[in-house]
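Residue numbering restarts at 1 for every chain, and letters A, B, ... go by the order of the sequence lines. Model, not experiment: these values are computed from the prediction.
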2 protein chains.
Amino acid sequence: MTGPVTGLGRNLDGVRRGNLSAVLGLVHRTGAASRSQITQLTGLNRSTVAALVGELVELQLVVENNPEATNRVGRPSPVVTPHQRTVAIAVNPELDAITVGIVGLGARVVRRVRREVDHPVTPHETAALIAEVVAELAGDLVDRHVVGIGLAVPGLVRSVDDTVRWAPHLNWIDSGIVPLVESATGRAARAGNDASLGGWAEHLFGVGQGIDDLIYLNGGASGIGGGVISGGRALGGHSGFAGEFGQNRPGFADTADRRTPNGTLEDEVSRARLLAALGLSGGDEATLEAALLSTVSPAVREELARQRRVLAVALSNAINVLNPELVVLGGFLASVHASGPEGLEADVAAQAVPAAWEGTRICSAALGEDRLMIGAAELAFSALLADPASEG
Amino acid sequence: MTGPVTGLGRNLDGVRRGNLSAVLGLVHRTGAASRSQITQLTGLNRSTVAALVGELVELQLVVENNPEATNRVGRPSPVVTPHQRTVAIAVNPELDAITVGIVGLGARVVRRVRREVDHPVTPHETAALIAEVVAELAGDLVDRHVVGIGLAVPGLVRSVDDTVRWAPHLNWIDSGIVPLVESATGRAARAGNDASLGGWAEHLFGVGQGIDDLIYLNGGASGIGGGVISGGRALGGHSGFAGEFGQNRPGFADTADRRTPNGTLEDEVSRARLLAALGLSGGDEATLEAALLSTVSPAVREELARQRRVLAVALSNAINVLNPELVVLGGFLASVHASGPEGLEADVAAQAVPAAWEGTRICSAALGEDRLMIGAAELAFSALLADPASEG
DNA sequence: ACGATTTTGTTGCCCTTGACGCCAAATCAC
DNA sequence: GTGATTTGGCGTCAAGGGCAACAAAATCGT
């Protein structure tokens, strides 16, 4: 019935698939949309939308409810919301812990479990651990349809086969984590780069909603990762390794600002240097930010100023090349920005192509801890969203 | 008959439009394709392709010819080629001259006229000059259908309305060149950034054929411009200003390599510095390259080596972020690369993320002087290629 | 030289799908 | 309560691509 998706040619099946995908995607992204809204936003005919929504209801992917008190003239339009039944399992393996979550359509995080580990886990151990946690979550999965497992991996993930090419933090090299997870859990799995998925999540559900050209930079304990959204699509590059801003070598306006022989962004602008300046050994993001914003220590303030100056060059370079509408900063980079937004933005304004910078804003990420769960789930949902009729 | 192209929803008209566009685009990009090839590449049915080609023939956009001696079993498939009738006028205004060309579908450059100017021309003068040259070319345009005029402008062009936001070389600021050209010539016009269009041309017809992720850097007398192709689409960014690699500030492995306080790529890696080292005052690309590759002067070789080192950092940064399959270098940058490809590539290999660099090649641009004509024409053809039935 | 084989254009029919028009339903304003 | 407005529901329509059978044009084998 459904033809192959080969080639450039459009197909009548493709129209149906595309429309079903558009409607489900709309409901997924907005969380809830009335049928009349769907009609307007898709540009399709009312009767067509009715048929599409009807099919999605039959597929148990969405539900229709009567709205309460719209305060508007005219016959009320049923509100279409994602069906609670359909969920994805999101996984984020990290050095110190593995986080597993259950995420429904509409980016509703149902559950999140963090399992600490006391030693760096191998891919095999990771797969076993995931299977273990998923088994524990079985209670949350009864009467639910699990589309699959999405992994947000802190490393380079090859896009053709979701192989982890290099995850320095976990010490994984050329790891076929996906088949391991699939055989351990019996469920379909996908993997992607954590920062790219985080950027995608911010684009769909965070500060980047409705913004089709943005760059996302996340500052974590292990370095700086990033993702690029261009024209509403995630920029992966040839192999899916795009977005490695942390390995870039920005210029230095003042050579005295340079701290390392390499001069890579993540060596110069780092959480570790901030902690060292503060005299701390660790702590979560919120306490770090509080300490940074309330400090009176000249040394800390100078280190912050230095990191802002270096970050400004890196952002200017990115803005020149990508001309984003929005720069989203996550993790400690948000704190670095917050410590002196005017100074940072003035530096960017001075160094970026003026026209490219004009339309650009810099802001902090919004989704917090759910970001990677949502991003990873998005990966698991992607096949369903692209072709809602193919799966039950 | 043809519905609006609004929203996310696909439409039956859209199918026809899309298929017509796919077939015409295929013929345009390949220069000639048999009907059976079109059938295979589009994935459409033979009868559908026949109908589509038939419509394009009726629209006088393509012609069908019997192939000569295929030496293959089976009934020979008619070869579909672009109709000679349909052409675009390509314009490249520069500081010292304006180049106007006639380019047919399939990127066939029919004519190219270079009109020298002795002073920097204003937008008004440019429009008048274009109209003058186009009038002179009237002989080449009889019995031809001109889809419009495409301008490859050395400056930032806003994508929403093709306004020239900033063209430092021409000293144009916020210039509505498009309406000026339209009223001077009575033809529809479009404008775009020269380097971005050059990159697009290399992607479609040059060394980047079939490569969907590439970056293009062109070294000209006035600086370094660039374009990014990602996922087969030109990356424009929010306003269309993307690709300004020349304004980037790369890091310096050795601070002694730095020549300017700014440290922007195009100030550090420049044609002017090469000419100065050679003791020349000007000359075209070919003579510059010949001089550079045959020089025995240690000073020139050192300057080349320095520029290669700086360029390597800039390319590494771009490769980390964009993970291209191909880096295309044009203008004097191709010469800089050719002067020591191993050294440049070793530096990139040392500084880029290894996984991202692995699948990447660096090569010289292929299209030569026709590049900007083809790119500008592509802009004029774009509406026709997107919806072949809309225009005659 | 002539038929078999292979490949591909041609033709008529079918099915799917979205659009359109009319009617019914639900809410608000007066 | 009545009219205006908005929107869902249903039947009908038309357009477009898929499909299968047939025809045509080339090569290959004998």
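- Counting only distance, with no hydrogens or angles, the side chain of Thr30(B) and the backbone of Leu26(B) share a donor-acceptor pair below 3.5 Å.
- For the pair Arg72(B) CZ and dT7(C) C1', the computed distance is 8 Å after rounding to whole Å.
- Along DNA chain C, the nucleotide closest to Ser77(B) and the one closest to Leu12(A) are compared, and the more 5′ of them pairs with Ser77(B).
- The Ala50(A) side chain lies nearest to dG9(D) when the options are dT8(C), dG18(D), dG9(D).
- For Arg75(A) and dA24(C), the shortest distance from a side-chain N or O to OP1 or OP2 is not below 4.0 Å.
- Between the C1' atom of dA15(D) and the CG atom of Leu20(B) lies a distance of 14 Å, rounded to the nearest Å.
- Distance from the side chain of Leu44(A) is smallest for dA19(C) among the nucleotides dA19(C), dG8(D), dA4(D).
- The side chain of Asn19(A) contributes no N or O atom lying less than 4.0 Å from OP1 or OP2 of dT17(C).
- Between the CD atom of Gln37(B) and the P atom of dT8(C) there is a distance of 10 Å, rounded to whole Å.
- Place Ser36(B) and Asn45(B) on DNA chain C by their nearest nucleotides, and Ser36(B) ends up nearer the 5' end.
- When the P atom of dG18(C) is taken as reference, atom CG of Asn11(A) falls 12 Å away, rounded to whole Å.
- The separation between Glu68(B) atom CD and dA25(D) atom P is 18 Å, rounded to whole Å.
- Taking atom CG on Asn66(B) and atom P on dA25(D), their separation rounds to 9 Å, with Å as the unit.
- An OP1 or OP2 oxygen of dG18(D) is reached within less than 4.0 angstrom by no side-chain nitrogen or oxygen of Ser47(B).
- Here the CD1-CG distance, from Ile102(A) to Asp140(A), works out to 4.5 Å after rounding to the nearest 0.5 Å.
- The shortest side-chain heavy-atom distance between Pro76(B) and Asn66(B) does not fall under the 4.5 Å cut-off.
- Residue Gln60(B) holds its CD atom at 8.0 Å from OG1 of Thr86(B), rounded to the nearest 0.5 Å.
- Distance, Arg16(A) CZ to dA19(C) C1': 14 Å, rounded to whole Å.
- Side-chain nitrogen and oxygen atoms of Thr48(A) include at least one within less than 4.0 Å of the OP1 or OP2 phosphate oxygen of dA19(C).
- Rounding to whole angstrom units, CG of residue Asp13(A) and P of dC15(C) are separated by 15 Å.
- Not one side-chain nitrogen or oxygen of Arg46(B) sits closer than 4.0 Å to the OP1 or OP2 atom of dA23(D).
- Within the 4.5 Å cutoff, the side chain of Glu325(A) has no heavy atoms near those of the Asp212(A) side chain.
- Considering only the side chain of Pro78(B), dG9(C) comes nearest among dT17(C), dG9(C), dG18(D).
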